[in-house]
Visitor: 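First the structure, which I've put down as C-alpha cells, then a few questions once you've had a look.
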Amino acid sequence: MKRVRFAPSPTGYLHLGNARTALFNYLFAKHEGATFILRIEDTDLERSKKEYEEMLMEDLKWMGIDWDEGPDKGGPHGPYRQSERLEIYQKYVDKLLKSGYAYYCYCSEEELEKEREKAIAEGRPYRYSGKCRNLTPEERADYEAKGIKPVIRFKVPDKTVVFEDIIRGHVEIDTKEFGDFVIVRQDGMPVYNFVVVIDDALMGITHVIRGEDHLSNTPKQIVIYEALGFNIPQFAHLPIILGEDRTKLSKRHGAVSVRALKDDGFLSEAVFNYLSLLGWHPKDEREILSKEEIIKQFRIQDVNKSPAIFDRTKLRWMNGVYIREILDLEELTKRAIEFFEGFGYKADFEYYKKVMEAIRDSIETLMDIKERAKVFFVDEFPFSQEIKEEVKSDPNFYKVVEIFYQKIKDLHSITKEDFKNITKEIQKEYGFKGKGLFHPLRVALTGESSGVGLDILVEVIGIERVKFRLKRFLEYFG
RNA sequence: GGCCCCAUCGUCUAGCCUGGCCUAGGACACCGGCCUUUCACGCCGGCGACACGGGUUCGAAUCCCGUUGGGGUCACCA
C-alpha cells in the first residue's frame, strides 16, 4: 500500500507553494489509491502556533483536499503532531548515540559563528569541523561540570549518497557538502532533518513528495535512514513556484496564501484547477478540468523539472470560467452571499440569485460583485460632473428620460419584455434610438454609462424603484 | 562564493526520452474585427518562442560539450 504525507509547519496561513505540494500529494494519493497523511511539524516552538494549525486544516479543506490520517482524525500511526512524538524521537536519539552514529557537541554558537564567518571570508564553504566527534568521557565530564548544554550531532559517514528522484532522475551528492549536522538542539528539541526521517519511516511513508527546496536535505535524511536501518522511501521533488520577479514565492509577493485568495473572491475549484497546471499538464489540450478528471490523469512522473511563475491574471481568467460556466446559479449565489453582505448589499437569497444571473458573465472574482452589482442595490447614486454637463448640453437627454417616465408611471410591474416594447414604442413615436435612447435611460437609472442590460435591470429592481430613480433624475435636472 | 537544479512565445505549457510528421501546437495577456443599446460574455483573426556557440547526423527544439542567464540550497527553520 502506498502512503504519502503533507507535513506543514503551523507558522502561518497555507501558502500557495505549500498548497501546491499538498495538492500534488493528494492527486498522487487519489490517482494511486494511496493513503494520504497530514502531519503537523511543530518542532519549532518559537514560530509554531496552534491557531495556525487550525487554519491550515481549514484552508486545505477549502481547497477540496482531505486526508485519511491526521491530528484531527487520528489513525494507526499517531500521534500526528511532532510535539507529541518527543518520546519516540528520544528513543531513536539514544539508539544513534549508542551505536556511535551521533555524538554530543559542546561548541558554543558564538564559536561556530566565528568559524562560519572565517570560512566565508576565506571564500571556502563552511562545514562543522567535527571537533567534538571524539571527545573522551573526561572531556565531556569537564564540559558538563561547567554547565555547558550540548547539542547532538549526527556523525555523517564519508560517502556519496545516491538516489533516483521520480521527477529529477538520478541524484548524487557527496556528504562532504554538509558535514555533521545537528539533530537535537541545546534545549533538547530534535530538529527537522532528524524527526522527518523517524516520522516518515514509522508512518510507513512510501513516497515523499515535496518542494525542490528540500532536495539538498534529502541526502542528510538518507544517511539517517541508513543508520537506523529503515527502508528508504521514493522521493519526488516538485519544482518550486516563483513570483513575478522569478524568486521563490513568498509573503512579499503580496496575497499568496489560499486564505487571501479566498478572501479575494476566488473559488476553490478554480484554485485547485489552476494550481494543478503549474508544473503539470494533461495529455490533451483542455485546461478546465474537474477534480475527478485531474485525479484520473495525474501522474507524478509527468511533473516538470522547471519552476513556474504564479500568474494571477490567468487564475483570474480561470476563476471567471468557473463563475460563468461551471458552477450552477444556486451554488454560485450561496458562495457570493458573504460578499454581497460584506459590500453592504442587503437582500434575500432570491434577489441575490437574480443579480448573480445578471452579472455572472461580467465578473472574474466574487470581489468584482462590488462594482458590478452596485446598480441593483443603490438607488440614490450621485450624479457626476460629467453627467451634469452631458444633460445640460443635450436637450434630448432629459426629454428621453421624461418620455420614458411618462410611459411607465402608471404601471404596476415591469418585465424585460415590457421594457423592450416600451423602448420600441419610443423609437417609433419619437425617433430616438440606439445610444441616443439607451444612454440617457442608463444614466438616469444607474448613474453609469455602461453595465448590465437595462431590460434585465428594470425587471430585477422592479417598477417602484425604476419610478423612484427616474423621478429623482427628473427632479434633479428639471 | 561552493554544491545542485533549470532553460520553447511576456506568462502557463505541448513537442524532447524513442532526431525527420515542427514553415514549433494550445491557453492567459495584448491588438484588430464581428455580435450588441453600453460594458462584459461569445465568435473570428493577428502579434509572439526553440537563450547563445560549437559539435554528432543526410537531417536537431529534440542527442553531446561549452557559454550565458535564472533559480534553489548551504541554520541549534521547516
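Reminder, nothing fancy here: chain letters follow the sequence lines and each chain counts from 1. As a basis for the values below, the full set of heavy atoms in this structure was taken, side chains included, without hydrogen atoms, waters or symmetry mates.
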Visitor: Among B:C6, B:C77, B:A29, which nucleotide sits nearest the side chain of A:Thr313?
Guide: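 Nearest to the side-chain atoms of A:Thr313, counting from C-beta on, is B:A29.
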
Visitor: Please classify the nucleic acid contact of A:Thr247 as base, sugar-phosphate, or nothing, using heavy-atom distances under 4.0 Å.
Guide: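 Sugar-phosphate: the residue A:Thr247, judged by heavy atoms under 4.0 Å, touches backbone atoms but no base.
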
Visitor: Using purine N1 to pyrimidine N3 plus N6-O4 or O6-N4 for Watson-Crick, or N1-O2 and O6-N3 for G-U wobble, each under 3.5 Å, what pairs with B:U11?
Guide: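 For B:U11, the partner nucleotide comes out as B:A27, under the 3.5 Å rule.
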
Visitor: Nearest-Å distance, CD1 (A:Ile241) to P (B:G72)?
Guide: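 It works out to 13 Å between those atoms.
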
Visitor: Less than 4.0 Å between a side-chain N and a carboxylate O, is that true for A:Arg312 and A:Asp264?
Guide: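 Salt bridge between A:Asp264 and A:Arg312, a charged N being under 4.0 Å from a carboxylate O: yes.
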
Visitor: OP1, OP2 of B:C76 versus side-chain N and O of A:Arg116: anything below 4.0 Å?
Guide: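 For A:Arg116, the contact criterion (side-chain N or O under 4.0 Å from OP1 or OP2 of B:C76) is met.
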
Visitor: Grab the CG-P distance between A:Leu249 and B:C12 for me, whole Å please.
Guide: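 It is 13 Å, rounded to the nearest whole Å.
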
Visitor: Quick check, does A:Trp317 stack with B:C28? I mean ring centres under 5.5 Å and planes off by under 30°.
Guide: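 Here the ring of A:Trp317 and the base of B:C28 are not stacked, as the 5.5 Å and 30° limits are not both satisfied.
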
Visitor: Figure out the CD1/C1' separation between A:Ile323 and B:A40, and round it to whole Å.
Guide: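 So the two atoms are 13 Å apart, to the nearest Å.
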
Visitor: Select base, sugar-phosphate, or nothing to describe what A:Arg286 touches, counting heavy atoms under 4.0 Å on all strands.
Guide: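 The residue A:Arg286 makes no contact with any strand.
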
Visitor: Mind checking A:Lys248 for me? I need base, sugar-phosphate or nothing, with any heavy atom below 4.0 Å counting as a touch.
Guide: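 Sugar-phosphate contact only - A:Lys248 comes under 4.0 Å of backbone atoms but never of a base.
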
Visitor: Quick check on B:A78: is either OP1 or OP2 less than 4.0 Å from any side-chain nitrogen or oxygen of A:Thr43?
Guide: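 Yes, such a contact exists.
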
Visitor: Could you tell me whether A:Asp174 contacts a base, only the sugar-phosphate backbone, or nothing, with contacts defined as non-hydrogen atoms closer than 4.0 Å?
Guide: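 Here A:Asp174 touches no strand at all.
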
Visitor: Do the side chains of A:Asp368 and A:Arg316 get close enough for a salt bridge, i.e. N-O under 4.0 angstrom?
Guide: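 A:Arg316 and A:Asp368: salt-bridged.
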
Visitor: Taking any heavy-atom pair under 4.0 Å as a contact, classify A:Asn304: base, sugar-phosphate, or nothing.
Guide: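 Here A:Asn304 touches the backbone only, sparing every base.
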
Visitor: Closer than 4.0 angstrom, basic N to acidic O: yes or no for A:Lys314 and A:Glu287?
Guide: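 So A:Lys314 pairs with A:Glu287 through a salt bridge.
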
Visitor: Please tell me which of A:Ile240 and A:Cys107 maps to the more 5' nucleotide of RNA chain B, matching each residue to the nucleotide holding its nearest heavy atom.
Guide: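 On the 5' side of the pair lies A:Ile240.
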
Visitor: Would you say that more than 12 heavy atoms from the other residues, nucleotides or ligands in this model lie under 6.0 Å from the CD of A:Glu386, or not?
Guide: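 No, because the 6.0 Å sphere around CD of A:Glu386 holds 12 heavy atoms or fewer from other groups.
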
Visitor: Can you work out whether A:Ile173 or A:Trp280 has the more 5'-proximal nearest nucleotide on RNA chain B?
Guide: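 Nearer the 5' end of the strand: A:Ile173.
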
Visitor: At less than 3.5 Å, do the side-chain atoms of A:Lys314 and the base atoms of B:A29 form a donor-acceptor pair?
Guide: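 Donor-acceptor pair under 3.5 Å: no.
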
Visitor: Quick one: A:Leu289 CG to B:A27 P, roughly how many Å, whole number?
Guide: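 Those two atoms, CG and P, are 14 Å apart.
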
Visitor: Using both distances under 3.5 Å as the test, list the Watson-Crick or G-U wobble partner of B:A75, or none.
Guide: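 Paired with no nucleotide.
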
Visitor: Is the A:His439 to A:Phe432 ring centre distance short of 6.0 Å?
Guide: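 Centroid distance A:His439-A:Phe432: not below 6.0 Å, so no.
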
Visitor: For B:A7, take OP1 and OP2 only and decide whether either is under 4.0 Å from a side-chain N or O of A:Arg246.
Guide: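 Result: no.
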
Visitor: Looking at B:A78, I'd like to know if its phosphate oxygens (OP1 or OP2) sit under 4.0 Å from a side-chain N or O belonging to A:Arg210.
Guide: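 Checking A:Arg210 against B:A78: no side-chain N or O falls below 4.0 Å of OP1 or OP2.
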
Visitor: Counting just side-chain N and O atoms, does A:Lys305 come under 4.0 Å of either OP1 or OP2 of B:G71?
Guide: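 Result: no.
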
Visitor: Any donor-acceptor pair under 3.5 Å between the side chain of A:Asn217 and the base of B:A78?
Guide: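 Indeed there is one.
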
Visitor: Under 4.0 Å between any heavy atoms, over every strand shown, what does A:Gly436 touch: base, sugar-phosphate, or nothing? Just pick one.
Guide: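 No contact.
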
Visitor: Rounded to whole angstroms, how far apart are OH on A:Tyr126 and C1' on B:U73?
Guide: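 Value for this atom pair: 16 Å.
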
